[in-house]
Amino acid sequence: MNLADIMTRELITVTETISGSEAVARLRVAGLHVLPVVDPHQRLVGLVLERDLHDAAWKHAEPFEKAQELPRSLLAQFTLRDVPVGRLMTSPKATLSADAPLEQAALKMLEYGVYGLPITNQEGRLEGVVTIQDLLGAFVLERKARAVV
Amino acid sequence: MRVHEQMSPEPQTVHPDTPVLEAARLLEAGGFHHLPVVLDGVVVGVVSDRDLKEAGPSRVPELGRFEMNELLSSVRVSEVMSAPARTISPLSPIWLAASQMLEHDIGCLPVVDRAGKLQGMFTVNDVLVWVVNTARPKETPL
């Protein structure tokens, strides 16, 4: 079994040009903490993290005393309207290839302290994402199958 | 492999009456995401960094930062913890712990003996280490 068998292929992505406010809204609707940022050719150019968006929103609100009293989740909707995701995104710490074994994803998650990793092909195009839930699910299924045999 | 072979023994704990600010400091200092809440040696709940974050702004959107700190120092862990805690036996197989974490969408399980006494903590990172080690030659574990 390799990562191609367990990765999530239907992804919600954003481009560098959409606003931070829009990215925050998409994260909330999808119930996610990270979104991949892709170029028009679906090549992975970065990741936008919920935490970074909230930190940036806080920074942008500093000149406005009243704005700081808003809950953090609302703050980003107002203060990041004119800030493109390209200025808020971070470089992916690691990427994996779809034919890598599951253990490699586990090792990278431990090494980089992240619970989700993008899967790219040789041209850098985003093919999927593997999360810790995908990994745990695969290992639990495998062990249960062995127990039955 | 069983849970007790991969868990962290003697974990940092907090009392239900510990102020949430103190719990937040312990989480940060230790680099943890969860702390077991223990009363007389028995696990009564788990408090996570997520619980502590949610204890703040959603309760007091109208307060300033000074008032927020004042309020947080008066809130106790027992008010924000997840209780009762889902726990696992030290003798359970690791895949069963992984299965429970997936099913309940949690990142850790306090490991308790039959009397409910805390023996250790088992986290998703421990599952990852186990996954990596089962694929490695025995001489070079993580």
Side-chain angles (χ1 to χ4, degrees), chain A residues 1-3 6 28 31-33 50-51 54-55 57-58 61-62 64-78 94 96 100-117 130-148, chain B residues 1-3 6 8 30-34 48-50 52-69 71 88 92-109 122-137 140-142:
Chain A
M1 192 187 279
N2 55 29
L3 294 176
I6 66 162
R28 186 169 319 138
L32 298 171
H33 302 292
E50 184 185 38
R51 190 185 54 216
H54 286 154
D55 287 350
W58 185 259
E62 261 174 356
F64 312 105
E65 203 177 314
K66 282 282 169 201
Q68 286 184 30
E69 292 173 15
L70 281 171
R72 280 168 77 90
S73 54
L74 275 181
L75 204 58
Q77 302 232 348
F78 293 106
L96 288 161
L102 273 50
E103 297 80 36
Q104 201 173 330
L107 188 61
K108 295 258 184 205
M109 284 181 190
L110 281 172
E111 204 175 337
Y112 294 101
V114 293
Y115 292 140
L117 287 164
V130 63
T131 66
I132 189 149
Q133 284 87 357
D134 298 328
L135 271 186
L136 259 55
F139 281 100
V140 168
L141 271 183
E142 188 208 26
R143 291 288 152 152
K144 276 188 182 165
R146 272 199 222 171
V148 170
Chain B
M1 199 179 209
R2 298 185 185 272
V3 163
Q6 193 68 60
S8 306
F32 312 123
H33 296 293
H34 311 87
S48 69
D49 47 5
R50 207 191 299 173
L52 295 180
K53 267 180 212 153
E54 284 169 8
S58 62
R59 285 187 173 196
V60 285
E62 72 280 14
L63 296 183
R65 273 190 261 185
F66 177 73
E67 289 92 338
M68 181 98 79
N69 274 342
L71 184 98
I88 189 101
S92 295
I94 284 179
W95 68 262
L96 185 63
S99 170
Q100 293 206 2
M101 287 195 251
L102 259 186
E103 187 182 338
H104 304 295
D105 191 23
I106 49 179
C108 83
L109 290 164
F122 188 82
T123 70
V124 284
N125 274 9
D126 295 321
V127 182
L128 291 179
V129 171
W130 166 69
V131 164
V132 173
N133 282 343
T134 51
R136 281 188 175 210
T140 57
L142 277 184

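Only heavy atoms go into these numbers, but all of them, side chains included; no hydrogens, no water, no symmetry mates. In what follows, chains are A, B, ... by sequence order, proteins preceding strands, each numbered from 1.
- For the atom pair CZ (Arg143(A)) and CG (Leu96(B)), the distance works out to 12.5 Å, reported to the nearest 0.5 Å.
- Interface residue Leu135(A): only side-chain heavy atoms are found under 4.5 Å from chain B.
- Closest non-hydrogen pair, Phe139(A) versus Val131(B), comes out as CZ-CG1, 3.2 Å.
- Contacts of Glu50(A) classified as side chain to side chain donor-acceptor pair (under 3.5 Å), with partners at least two apart in sequence or in another chain: His33(A).
- Contact annotation: the side chain of Asp105(B) approaches that of Gln133(A) to within less than 4.5 Å [non-hydrogen atoms, C-beta and beyond].
- Interatomic distance, CG of Leu128(B) versus OH of Tyr115(A), reported as 6.5 Å (0.5 Å rounding).
- Closest of all the heavy-atom pairs between Ala98(B) and Leu136(A) is O-CD2, 4.0 Å.
- Taking the salt bridge (Lys or Arg N to Asp or Glu O under 4.0 Å) definition, one finds that Glu111(A) meets it with nothing, sequence neighbours left out.
- The two atoms that bring Leu110(A) and Val132(B) nearest to each other are CD1-CG2, 4.3 Å, heavy atoms only.
- Heavy atoms closer than 4.5 Å to chain B are found in the side chain of Ile132(A), but not in its backbone.
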